[in-house]
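Letters A, B, ... mirror the listed sequences (proteins, then strands); counts begin at 1.
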2 protein chains.
Amino acid sequence: MKKSVETREKILEAAKKAFAQKGFHGVSMEEIARNAGVKKALIYYYFPSKEDLFFEVWQRSVDEMEESILKPLEGEGNFAKKLKALLKSYVDFVRSRSDTLRLVERERLYREEDGGIWSKIRKRYQELLAKVAGMVEEGKREAEVPGDIDSMATAQFILGSLSTVDQTHLENLQKLIMRGVIRMKENEGG
Amino acid sequence: MKKSVETREKILEAAKKAFAQKGFHGVSMEEIARNAGVKKALIYYYFPSKEDLFFEVWQRSVDEMEESILKPLEGEGNFAKKLKALLKSYVDFVRSRSDTLRLVERERLYREEDGGIWSKIRKRYQELLAKVAGMVEEGKREAEVPGDIDSMATAQFILGSLSTVDQTHLENLQKLIMRGVIRMKENEGG
DNA sequence: TATAGTTTTTACCGACTGGTAAGTAAAAAA
DNA sequence: TTTTTTACTTACCAGTCGGTAAAAACTATA
């Protein structure tokens with residue numbers, strides 16, 4: 001890999017770790033530079049501002065998350081199987097990349113003066129939600145999801161609840177969600 | 001009310017609003033003082049440090065939340081009714097005091113150098129979770145909750161999922177949770 | 001009205017913040 | 001070989017941060 005790209009990548013990596021732990025305002029550029037083994041000014045050679053750096057970190061994380069949880073279910077057939085696949089891949093994701101998840105989830109709550117990166121962040125998150133909601137919508141057409149349940153609500157529900165629970169209980173949660181969302185045929189074990 | 005208490009209260013109120021919107025690190029003491037109509041130094045007359053101020057704000061918010069969601073179900077009989085009451089009061093709480101909720105939920109994620117207030121915060125949140133988990137445990141004894149579902153997981157699930165969903169879909173979420181948690185008798189409408 | 005205690009403001013501190021200007025060594029292009 | 005570009009450092013800026021000391025204003029009691 002080109003050296004310059006490597007350096008840029010190193011900065012992004014250090015920034016991601018720091019932001020995930022302490023949030024945007026809790027981290028200084030100095031700190032990121034130190035952890036990346038680089039002088040602070042160099043960060044400004046690659047990124048125009050702290051906000052821009054953060055945005056790239058965040059955006060990559062959502063992309064990574066979307067890829068991880070939606071790719072595995074592309075081949076699946078009916079809705080029940082898709083949901084199962086989604087939950088499984090999400091659980092894997094939470095287990096293996098909890099930093100990324102925390103980063104994505106925490107920072108979308110900022111209410112701050114709108115405009116700037118924060119509205120871009122909320123918008124992108126809505127896109128992700130919409131994709132999951134689209135899947136639930138299919139489930140309704142297949143009559144596997146009760147019709148009185150809103151797809152968007154279900155999408156928020158799935159992503160949100162898994163992200164707040166601690167890792168010990170992920171499988172349990174999977175069950176809870178399946179039971180809530182799918183119209184169960186009595187004789188169809190978990 | 002005594003003037004001094006009033007002033008103290010005014011500061012706490014301004015602090016709460018600011019912290020809920022921007023998080024601990026996103027808010028300056030100057031800003032809090034300005035919004036409270038007070039000089040910054042006066043805050044230090046009432047509170048020893050920013051962390052202490054924040055901790056009191058946060059603690060009050062959890063207490064308020066616990067009171068709001070657990071009180072209404074003290075009179076209720078069986079588990080199904082209790083859960084229903086809990087969900088109802090929680091939904092009301094989310095609607096009427098979303099600031100408080102956001103404050104409580106956001107800040108418990110901080111990983112920061114441990115010790116200080118952040119571990120106290122996590123500990124207190126665990127207490128709240130434990131109380132909800134206790135209720136679910138009762139439900140298991142009454143055979144209304146499937147035995148293979150962990151009580152702590154369920155508690156995290158209930159509090160967590162409601163807090164991430166947006167207000168439009170709260171009632172839908174209520175349904176989803178009921179279906180997931182309670183062993184449904186087929187002929188018992190929502 | 002003098003006095004003592006409480007509450008609030010003024011004025012400041014050193015440390016740190018995000019960000020920039022100027023310069024440099026090495027590599028690439030000419 | 002000379003010129004230009006890339007990648008990076010040093011040194012600094014103005015502004016803000018959390019926090020403090022001390023004076024000033026207010027209140028209560030005598």
Nearest to side-chain heavy atoms of Tyr45(B), which nucleotide of dC8(D), dT7(C), dG18(D): dT7(C)

Nearest-Å distance, NZ (Lys50(B)) to P (dC17(D))? 9 Å

The side-chain hydrogen bond (donor to acceptor under 3.5 Å, both in side chains) partner of Lys82(A) among Glu138(A), Glu142(A), Glu76(A) is Glu138(A)

Out of dG18(D), dG18(C), dT9(C), whichever nucleotide has its closest atom nearest the side chain of Leu42(B): dT9(C)

Integer-rounded Å distance: dT16(D) P and Ile32(B) CD1: 17 Å

Within less than 4.0 Å of OP1 or OP2 of dC16(C), is there a side-chain N or O belonging to Ser28(A)? no

Between dT20(C), dC8(D), dA11(C), which nucleotide gets closest to the side-chain atoms of Ala41(B)? dA11(C)

Interatomic distance, Ile11(B) CD1 vs dT8(C) C1' [rounded to whole Å]: 10 Å

Give the rounded distance in Å between these two atoms: CZ of Arg8(B) and P of dT8(C). 13 Å

Check this one for me: any side-chain N or O of Thr7(B) less than 4.0 Å away from OP1 or OP2 of dT7(C)? no

Taking atom C1' of dT9(D) as reference, at what distance in whole Å does atom CD1 of Ile43(A) sit? 13 Å

Could you state the CD-P distance from Glu31(B) to dT17(C), rounded to the nearest angstrom? 18 Å

List the steps and the verdict of side-chain contact (heavy atoms from CB on, under 4.5 Å) for Thr168(B) and Asp150(A). CA-CA 10 Å; Thr168(B) 335; Asp150(A) 184 89; over 6 Å; no

Checking contacts here: which listed nucleotide (dG19(D), dG18(C), dT8(C)) is nearest the side-chain heavy atoms of Tyr46(B)? dT8(C)

Report yes if a side-chain nitrogen or oxygen of Tyr44(B) is closer than 4.0 Å to either non-bridging phosphate oxygen (OP1 or OP2) of dT20(D); otherwise report no. no

Closest to the Lys39(A) side chain, choosing from dG19(C), dT10(D), dT17(C): dT10(D)

Distance, rounded to the nearest Å, where Met29(B) contributes CE and dG15(D) contributes P: 23 Å

Would the Trp118(B) and Phe54(B) ring centres measure less than 6.0 Å apart? yes

Among Thr164(B), Asp166(B), Asn172(B), find the residue that satisfies the side-chain hydrogen bond (donor to acceptor under 3.5 Å, both in side chains) test when tested with Gln156(A). Asp166(B)

Can you check whether any acceptor in the base of dG18(C) is under 3.5 Å from a donor in the side chain of Lys40(A), or vice versa? yes

In whole angstrom, give the distance that lies between atom NZ of Lys22(B) and atom P of dC17(D). 10 Å

Taking side chain as C-beta onward, heavy atoms only, is Tyr90(A) less than 4.5 Å from Leu173(A)? no

